[in-house]
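The block underneath contains the structure these notes are about, expressed in structure tokens.
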Amino acid sequence: MNIKIVCDSSSNVFAMEGLNYTTVPMKILAGGKEFVDNAQLDLQGMVNFLKEHKGKSGSSCPNVQDWLDAFEGEEYIFGITITKHLSGSYNSGHQACQTYMEEHPGAKAFIIDSLSTGPEMMMIVDKINELAAQGLDYETIKEQVLEYANHNHTLFCLQSMNNLARNGRVHPAVAKIAGMLSIRVVGDVEGGEITPVHKPRGDKKAIQTLVEMMGERGLQDGNLVRIAHCYGEASANALVEAVKEQYPNCRFMIEPTTALCSFYAEAGGMIIGFEGNFNENNDNRKF
């Protein structure tokens, strides 16, 4: 069974060699410019522009036709999206699945709300491919991958909140003071919603806080930890080494963020996905 996997581009990975995988692009809108989240984007140019931009900025999600175009010609499809609490991507993808199955009798298409973004989306992608390689049927894969997703967690660590302030998610004065005092914002994603938890000062304390939070959420030695960073590879590597001190057999993947995640994480920010205990806030059966 050949399964096609389609993510919106907040997954941070545009292509996977040898696998039937693709993305549909998110877009960043600011100052009359449109930055399309694809492999052709000058990401550094976008980050530099947004750093100097003083006006409003925002993002737009793939529309139904974008998803349908990505599905075309396939019989078995899984779509994975950023949390529906931050974007309309899930709603567009879900509608596209219904339309596609109506127009292609016998086809199966299902959208998974990651209730997160970035690393956790790719963890789901990898699990789908792993289960498909075992020869499992489509419905069994769907059931098992949703159960797997319920044991995943996402944390984040931000050095700047300027774009969040411009989008009305934090007060501009708070963002300015945090930057001046070298405060990091560390938090998690609960039920698909961003929740700041700690405000440590400096990188070392932020890394320590992240490791403690991962342990509280059930990280076990040998589990997968996937880190996406926005021009923050040194911080990502430091986090890996700190985790290894307590969990030496964990598996790690580090990757750069693309446009959408870079927009929210900003330079120096990290998004961390990892396997842990059952996550009541990430239970897909509730959503």
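Please read these numbers as outputs of a predicted model, since none were measured by experiment. Starting from 1, each residue takes its place in the sequence as its number.
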* Asked: In this structure, which one of Glu275, Lys127, Glu130 forms a side-chain hydrogen bond (donor to acceptor under 3.5 Å, both in side chains) with Tyr148?
  -> Glu275
* Do you know which of Ile272, Thr117, Val185 makes side-chain contact (heavy atoms from CB on, under 4.5 Å) with Phe156? -> Val185
* Asked: Taking atom OG of Ser114 and atom CE of Met123, what is their separation to the nearest 0.5 Å?
  -> 11.0 Å
* **Donor-acceptor pair between Asn48 and Glu52 side chains, under 3.5 angstrom** => no
* Begin with the C-alpha distance, continue with both residues' side-chain angles, and end with the deciding distance and a verdict on side chain to side chain contact (heavy atoms under 4.5 Å, CB included) for Lys199 and Arg184. => CA-CA 5 Å; Lys199 297 179 181 178; Arg184 306 294 184 254; over 6 Å; no
* Other residues, nucleotides, ligands: >12 heavy atoms within 6.0 Å of Glu143 CD -> no
* Asked: Do Gln208 and Glu212 have side-chain N/O donor and acceptor atoms under 3.5 Å apart?
  -> yes
* Side chain of Tyr100, backbone of Phe71: donor and acceptor closer than 3.5 Å? -> yes
* Would you give the length of the straight line joining atom CH2 of Trp67 to atom OG1 of Thr81, rounded to the nearest 0.5 angstrom? => 6.0 Å
* Asked: Under a 4.0 Å N-O cut-off, is there an ion pair linking Lys27 with Asp37?
  -> no
* To do: In sequence, state the C-alpha distance, the side-chain angles, and the governing distance for Met16 and Asn129, and then conclude on side chain to side chain contact (heavy atoms under 4.5 Å, CB included).
  => CA-CA 11 Å; Met16 300 178 71; Asn129 284 320; 4.3 Å; yes
* To do: Report yes if the distance between the aromatic ring centroids of Tyr21 and Phe14 is under 6.0 Å, otherwise no.
  => no
* Distance-only polar pair, side chains of Glu241 and Asn237, donor-acceptor under 3.5 Å -> no
* Asked: Could Glu266 and Lys51 be called an ion pair, given the rule that one side-chain N must be under 4.0 Å from one carboxylate O?
  -> no
* Shared hydrophobic cluster, Ile5 / Leu19 (ILVMFWY, side-chain heavy atoms < 4.5 Å) -> yes
* Asked: For Asn279 and Asn150, does a side-chain donor sit closer than 3.5 Å to a side-chain acceptor?
  -> no
* **Residue pair Asn38, Leu41: steps toward the side chain to side chain contact (heavy atoms under 4.5 Å, CB included) verdict** => CA-CA 6 Å; Asn38 58 28; Leu41 176 68; 4.1 Å; yes
* Asked: Is Met253 reachable from Ile80 through a run of hydrophobic residues whose side-chain heavy atoms are each under 4.5 Å from the next?
  -> no
* To do: Could you please spell out the steps behind the side chain to side chain contact (heavy atoms under 4.5 Å, CB included) verdict for Ser60 and Met26?
  => CA-CA 6 Å; Ser60 66; Met26 308 285 282; over 6 Å; no
* Asked: Has Gln144 got more than 12 heavy atoms of other residues, nucleotides or ligands less than 6.0 Å from its CD?
  -> yes
* To do: Evaluate whether atom NZ of Lys4 has more than 12 neighbouring non-hydrogen atoms of other residues, nucleotides or ligands under 6.0 angstrom away.
  => yes
* Asked: Once you round to the nearest 0.5 Å, how far does OH of Tyr247 lie from CG of Asn249?
  -> 12.5 Å
* Asked: On the ring face of Phe49, is Lys33 found with NZ or CZ under 6.0 Å from the centre and within 45° of the axis?
  -> yes
* **Candidate list Gln246, Glu245, Glu216, Lys244, test side-chain contact (heavy atoms from CB on, under 4.5 Å), partner Val211, passing option** => Gln246
* Asked: Without hydrogens or angle criteria, can the side chains of Thr154 and Glu120 be said to hold a donor-acceptor pair below 3.5 Å?
  -> yes
* Does one hydrophobic cluster hold both Leu239 and Val225, with members joined at side-chain heavy-atom distances below 4.5 Å? -> yes
* Asked: So, Tyr264 versus Ser10: side-chain donor-acceptor pair below 3.5 Å or not?
  -> no
* **Among Glu75, Glu139, Glu74, the one residue meeting salt bridge (Lys or Arg N to Asp or Glu O under 4.0 Å) with Lys108** => Glu139
